[in-house]
Amino acid sequence: MTNQSITLKAYGKINLGLDVLRRLENGYHEVKMIMQSVSLHDVITITALDTSNDIIIRTSSGKIPCNEQNLAYKAAKLMMETYSIQNGVDIYIEKNIPVAAGMAGGSTDCAAVFKGMNSLFEIGASEMDLRNLGVKLGADVPYCIMGHTALSEGIGEILTPLPKPPACIVLLAKPDIDVSTKYVYENLQADTLEIHPDIDGMICAIEKQDLHTLCTKMDNVLETVTGKKYPIISEIEHLMKSEGALQSIMSGSGPTVFGIFTDTEKAGKAAALIRERNLTQEVHVAEFI
Ligand code: ATP
């Protein structure tokens, strides 16, 4: 094989709703979440190497590892072992999704490598095969393989596709703080949460294409931990809402905050104010995919 390559978009995700039902004996948490892909994406280029069986990781970002710690590396290794691929791969990650942000940036790169190698080496694995393989590398990986809008249950591996919600503008702002997903889940009082988001009501609103009701019900229980520790999260939410967002909440374990707008100018003004007030410079305008 001469160096054939494939390029894929690896989309980031937000959680329109995130509920934690209980802590499991094994330390994992049972979740009920509405996942939504957004247009902000990394670009993954995978090139087959015909002279070696190495896995080479290169990236535009200084913030992620270029070794076997990278989730793209782990995905490539698992694909090579599972499907007895003899070639090595060179994987270039153009990183646009904020890192350690609650947007599944690592999981989506991982998912893109599964899908890309499946095509590049003409393996013919089904999406379900890849999802079953992907869950070994992270709870969000099966969803990232599937993409779009989905209900995610269990530890994140039980997925039900949902219709795409009405089009809108999604303003993403990632404060310049590092949040560990592990810390957030460890500090969540899962069994005594007073408020649980109405995920079923959100699904109903999506089915009716009712953006306003969907926005009213958006909520994320992990904000009880991350939001308490970092007041900047609610500062950004307040700003987005006072500038016309229908809703603004945190995604995943944070710290990325997103706002839902229907007016492009208002979203642009909110983005400019977030930068001007130095809440963060890492602001992106996106849409649902
Ligand atoms: P999630 O929403 O799934 O919890 P996240 O958005 O909070 O994920 P990531 O951007 O996936 O977080 O990064 C989490 C950690 O994974 C980072 O500390 C990073 O060093 C590591 N990592 C490994 N591979 C990658 C990758 N390809 N892209 C981003 N982070 C990666």
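Atoms within a ligand are numbered from 1 in the order they appear, just like the ligands themselves. Heads up: numbering here begins at 1 and tracks the sequence. Nothing here was measured: the structure is a model prediction, and the numbers come from that model.
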Would you say the side chain of Leu49 lies within less than 4.5 Å of the side chain of Ile56, judging by non-hydrogen atoms?
yes
Do me a favour and list the nearest non-hydrogen protein atom to atom 2 (O) of ligand 1 with residue, atom name and distance?
Ala104 N, 3.0 Å
Protein non-hydrogen atoms only, distance under 4.0 Å: does atom 12 (O) of ligand 1 have such a neighbour?
yes
Students should be able to answer this: which protein heavy-atom is nearest to atom 31 (C) of ligand 1, and at what distance?
Ile64 CG2, 3.8 Å
Look at atom 4 (O) of ligand 1 and say which protein heavy atom is nearest, naming residue and atom and giving the distance to 0.1 Å.
Thr181 OG1, 3.4 Å
Hey, any chance Met103 and Ile64 share a hydrophobic cluster, counting ILVMFWY side chains that come within less than 4.5 Å of each other, even indirectly?
no
Taking the basic N atoms (NZ, or NE/NH1/NH2) and the acidic carboxylate oxygens, is any pair closer than 4.0 Å for Arg131 and Glu127?
yes
Which residue holds the protein heavy atom closest to atom 15 (C) of ligand 1, what is that atom called, and what is the gap in Å?
Ala100 CB, 4.9 Å
Select one of side chain, backbone, both or neither to describe which atoms of Asp109 lie under 4.0 Å from any atom of ligand 1, heavy atoms only.
side chain
Could you check whether any side-chain heavy atom of Leu214 comes within less than 4.5 Å of a side-chain heavy atom of Asp210, counting everything from C-beta outward?
no
Which residue supplies the protein heavy atom nearest to atom 3 (O) of ligand 1, what is that atom called, and how far is it?
Asp140 OD2, 3.0 Å
Who's the nearest protein heavy-atom neighbour of atom 17 (C) of ligand 1, and how far?
Val99 CG1, 4.1 Å
For Asp191, is there an ion pair with Arg23 - N to carboxylate O distance below 4.0 angstrom?
no
Can you tell me the protein heavy atom closest to atom 5 (P) of ligand 1 and the distance?
Gly102 N, 3.5 Å
What is the minimum heavy-atom distance between Val221 and Pro197, and which atoms define it?
CG1-CD, 3.6 Å
Does this structure show an ion pair linking Lys241 with Glu237, if we count only N-O contacts that are shorter than 4.0 Å?
no
Report yes or no: does a heavy atom of Pro65 sit under 4.0 Å from some atom of ligand 1?
yes
Side chain, backbone, both or neither: which applies to Gln69 and ligand 1 if a contact is any heavy-atom pair less than 4.0 Å apart?
backbone
Working to the nearest 0.5 Å, report the span between CD of Gln69 and CD1 of Ile57.
11.5 Å
protein heavy-atom neighbour closest to atom 24 (N) of ligand 1 works out as Leu71 N, 3.0 Å
